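All remarks here apply to the structure that follows.
Each chain gets a letter, A, B and so on, in the order its sequence line appears, and its residues count up from 1. Since the model is a prediction, treat every value here as computed from it, not as a measurement.
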There are 2 protein chains.
Amino acid sequence: MDVRTLCLGALMGGEATGYEIRKMFEDGTFSHFQIASLGSIYPALTKLTQDGLVTFVEHEQENRPDKKVYQLTQEGRRTFLRTLLQTRPAEDRYRSDILFMLTFAEEMPIELTEALIDEFAARHELMSHQIDPDNEDKQGSPSTYGRDENGNPKPGCCFVAGLGQAMCDATLKFIRENKQGLLDELRNFKARKP
Amino acid sequence: MDVRTLCLGALMGGEATGYEIRKMFEDGTFSHFQIASLGSIYPALTKLTQDGLVTFVEHEQENRPDKKVYQLTQEGRRTFLRTLLQTRPAEDRYRSDILFMLTFAEEMPIELTEALIDEFAARHELMSHQIDPDNEDKQGSPSTYGRDENGNPKPGCCFVAGLGQAMCDATLKFIRENKQGLLDELRNFKARKP
DNA sequence: TAATACATGTAATAAGTTACATGATTCT
DNA sequence: AGAATCATGTAACTTATTACATGTATTA
């Protein structure tokens, strides 16, 4: 799924600037299962504008670049919906340097192993927070996303959020239950053959 | 983590061909948290050979290209271990078209939603299988990986495999418990405003 | 004082994927 | 008969990342 489609999807929840769209992928609704950086979002929005799938209104600001608030056109909405129906979703891909490194735990100092596990846990704790739809630290954030016009949470979003939460919880639980065991094993392992 | 490092890691478990290394990322030990395609593995091995980090022995075969069995050099092993100690692991990144699409469940036919969920479940079921270290359909596979010279499973590998399994299980459990609920909600949702 | 948030945009670069090229054997 | 497995390798292409460019206001 290319960044253009991702942007269309992001705008399904209402108008937003490029900067705000990035936040959805960094912190917000989509953060745990899609990524898109500013360097790809801005060109994508330009392209979408040329193709008539989005329009923008320029809001002047003091001491800042003009803010461009993008919105789907009818054509854009239709296109996105069509894409949804026609696209065979690509394989999920998860890549984790930490897990790869932990595979070689025997070869590194135990402190490093522990640090890696702790970092893995910390990141998942953070993710768990970001997913939480009730978590509105983001006071007045652009997050109409995940909710419809009446402020009701959308079932699809809830389901996906719940799934993300479940994955995080499982990860954290596994670490709680197995970290010490691994570290002990590693100490034995190293004692036997130094 | 670039493909070269990934290849070095793959060879930490013993000798292997480029083709076999790909399998480790496709089906094997690393499949659930790293990816590497043949088009990137072969050039990486060539580069590593030039740099003296790996060597290969050519085994002639009938009716096939000669098989190149790669092996770490001492220098290669040292380099990998150093990388392990020095690398700040990059952020984990998970991307899932299916989850992205499911976010928009309200906008598509219920059958599609269900199909997407089922496919997501099926893929995780498969992954769960592939992770399972006891799963030796791969009779006599090159998988010395995850085990040391004596055939003992390596604690680090077990931990990572267990974690992957836990994530899969959590995902499957969540789907079992929430799929019907979502579909019902969607039916209500659509009944209210068609 | 340094970093972060806000705000957009471009361009060089890096990186990997897909497709092409070749070809026998085995499974379905 | 067709697909998949084994086996390597190259090259065109796509794609996104990183860095650059610019600048204020707020927070730590």
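For C/dA15, the OP1/OP2 oxygens have no side-chain nitrogen or oxygen of B/Ser40 closer than 4.0 Å. The shortest distance between the side-chain N/O atoms of B/Tyr19 and the OP1/OP2 oxygens of D/dC6 is below 4.0 Å. Note on A/Ser37: every side-chain N or O is 4.0 Å or more away from OP1 and OP2 of D/dT18. A close approach under 4.0 Å does occur between a side-chain nitrogen or oxygen of B/Thr17 and OP1 or OP2 of D/dT8.
The aromatic rings of B/Phe100 and A/Phe80 sit perpendicular to each other, their planes meeting at more than 60°, with 30° as the lower class boundary.
The nearest whole Å value for the distance from the CD atom in A/Glu20 to the P atom in C/dA5 is 15 Å. When the C1' atom of D/dT8 is taken as reference, atom CD of B/Glu58 falls 10 Å away, rounded to whole Å. One can place NZ of B/Lys47 at 14 Å from C1' of C/dA15, the figure rounded to the nearest angstrom. In this structure, B/Ile41 atom CD1 and D/dA7 atom P are separated by 14 Å, rounded to whole Å. Between A/Leu38 atom CG and C/dG9 atom P the separation is 11 Å, expressed in whole Å.
Aromatic ring centroids of B/Tyr94 and A/Phe33 lie 6.0 Å or more apart.
At the heavy-atom level, B/Ile35 lies nowhere under 4.0 Å from the strands shown.
A distance-only check finds a donor-acceptor pair linking the side chain of B/Gln165 to the backbone of B/Ser128 [under 3.5 Å]. A donor-acceptor contact shorter than 3.5 Å is absent between the side chain of A/Thr17 and the backbone of A/Val69.
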